[in-house]
A.B. asks: 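Mind having a look at this structure? Questions to follow.
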Amino acid sequence: DTEVTQTPKHLVMGMTNKKSLKCEQHMGHRAMYWYKQKAKKPPELMFVYSYEKLSINESVPSRFSPECPNSSLLNLHLHALQPEDSALYLCASSQEVAMGQETQYFGPGTRLLVL
Amino acid sequence: QKEVEQNSGPLSVPEGAIASLNCTYSDRGSQSFFWYRQYSGKSPELIMFIYSNGDKEDGRFTAQLNKASQYVSLLIRDSQPSDSATYLCAVIFWGGKLIFGQGTELSVKP
């Protein structure tokens, strides 16, 4: 089973709202990722967690705050977003973060619209 | 600069033909290469991964890797209309970052 789940599927929020995106995997993977994908563009890496610790932050604005409560869960807390943050937010997981042979499996994504 | 380059297409092939998708990458030290398929409005779905030079076949899909030329390709035999999607080449660079190419849009015409 290579399933990564994400909730919600769709989210509409105002620029003053606070919301959270959730991601879950039960494959025993120890690495989890957040990506942002704009229309007609490839996914862009935002954050990487390895063994529940943040290992990579791709200079993401502080209005995006990741959290990894345990090895199966990954959250992305959103606050004071801008309309240009509207995108598909993808969660992925892999067995480990490695410079070698680790395949990432993606969840279905959360489509976010910021008004 | 980590770069993965693909022809953006669109690539149009008739049903039953072979579709050939190409990708080059900038880091000679990269070891892991992936092809993802993404239907419009959906998330990327893993098609193939390849780590060693040569060919790797899985059903109608064949991935080819040439590390000396820093080139990876995906062949889709007996293309079907259901193969119409954007195909993303992805490479793991030093530090474990998965970097995607811009994607090639494939259209298979009945």
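On a predicted model such as this, the values are computed, not experimentally measured, just so you know. Chain letters run A, B, ... following the sequence lines, proteins first and then strands; every chain starts at 1.
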A.B. asks: Output, in order, the C-alpha distance, side-chain angles, deciding distance and verdict of side-chain contact (heavy atoms from CB on, under 4.5 Å) for L45(A) and L98(B).
C.D. replies: CA-CA 8 Å; L45(A) 183 66; L98(B) 184 66; over 6 Å; no

A.B. asks: Is the number of heavy atoms from other residues, nucleotides or ligands under 6.0 Å of K18(A) NZ greater than 12?
C.D. replies: no

A.B. asks: Would you find more than 12 non-hydrogen atoms of other residues, nucleotides or ligands less than 6.0 Å from K56(B) atom NZ?
C.D. replies: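 Counting other residues, nucleotides and ligands, NZ of K56(B) exceeds 12 neighbours.
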
A.B. asks: Between Q102(B) and P42(A), which heavy-atom pair has the shortest distance, and what is it?
C.D. replies: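 Minimum heavy-atom separation between Q102(B) and P42(A): OE1-CD, 3.5 Å.
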
A.B. asks: Quick one: do I47(B) and V4(B) end up in the same hydrophobic cluster if we chain Ile, Leu, Val, Met, Phe, Trp and Tyr together by side-chain heavy atoms under 4.5 Å apart?
C.D. replies: yes

A.B. asks: Below 4.5 Å from any heavy atom of chain A, which atoms of Y36(B) appear? Answer side chain, backbone, both or neither.
C.D. replies: side chain

A.B. asks: Group every Ile, Leu, Val, Met, Phe, Trp and Tyr by side-chain heavy-atom contacts under 4.5 Å, then state whether L78(A) and M15(A) land in the same group.
C.D. replies: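 As far as the 4.5 Å side-chain criterion goes, M15(A) and L78(A) are connected within one cluster.
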
A.B. asks: Do F47(A) and L90(A) sit in one hydrophobic cluster, given that two such residues count as connected whenever their side-chain heavy atoms are within less than 4.5 Å of each other, even indirectly?
C.D. replies: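 Not linked; separate clusters.
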
A.B. asks: Minimum heavy-atom separation for Q38(B) to L88(A), with atom names?
C.D. replies: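 In terms of heavy atoms, the two residues are closest at NE2-CD2, 4.4 Å.
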
A.B. asks: Using a cut-off of 6.0 Å, state whether more than 12 heavy atoms not belonging to Q64(B) lie near its atom CD.
C.D. replies: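 Yes, CD of Q64(B) has more than 12 neighbouring heavy atoms, counting only those of other groups under 6.0 Å.
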
A.B. asks: Check whether L21(A) and L54(A) end up in the same hydrophobic cluster, where Ile, Leu, Val, Met, Phe, Trp and Tyr are linked by side-chain heavy atoms less than 4.5 Å apart.
C.D. replies: yes

A.B. asks: Which heavy atom in I56(A) sits nearest to a heavy atom in K97(B), and how many Å separate them?
C.D. replies: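 For I56(A) versus K97(B), the nearest heavy atoms are CD1-CG, 3.9 Å.
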
A.B. asks: Mind checking the CD-CD spacing from Q31(B) to E102(A)? Nearest 0.5 Å is all I need.
C.D. replies: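 Separation between the atoms: 13.0 Å.
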
A.B. asks: Can you confirm whether L88(B) sits close enough to P43(A) that some side-chain heavy atom of one is under 4.5 Å from a side-chain heavy atom of the other?
C.D. replies: yes

A.B. asks: Counting only non-hydrogen atoms closer than 4.5 Å, does Q6(A) touch chain B with its backbone (N, CA, C, O), its side chain (CB onward), both, or neither?
C.D. replies: neither

A.B. asks: Taking side chain as everything from C-beta outward and backbone as N, CA, C, O, which of these in E58(A) sits under 4.5 Å from a heavy atom of chain B? Side chain, backbone, both or neither.
C.D. replies: side chain

A.B. asks: If we ignore hydrogens and angles and just use 3.5 Å, is the side chain of S43(B) paired with the main-chain N or O of G107(A) as donor and acceptor?
C.D. replies: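 Indeed, once roles are kept as given, a pair shorter than 3.5 Å links the two residues.
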
A.B. asks: Considering residues, nucleotides and ligands other than Q95(A), do more than 12 of their heavy atoms fall under 6.0 Å from its CD?
C.D. replies: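 Atom CD in Q95(A) is not packed in, count stays at 12 or less.
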
A.B. asks: Check whether E45(B) gets within reach of chain A through its side chain, its backbone, both or neither, counting any heavy atom under 4.5 Å.
C.D. replies: neither

A.B. asks: Measuring from F100(B):CZ to K41(A):NZ, what's the distance to the nearest 0.5 Å?
C.D. replies: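 F100(B) atom CZ to K41(A) atom NZ measures 15.0 Å (nearest 0.5 Å).
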
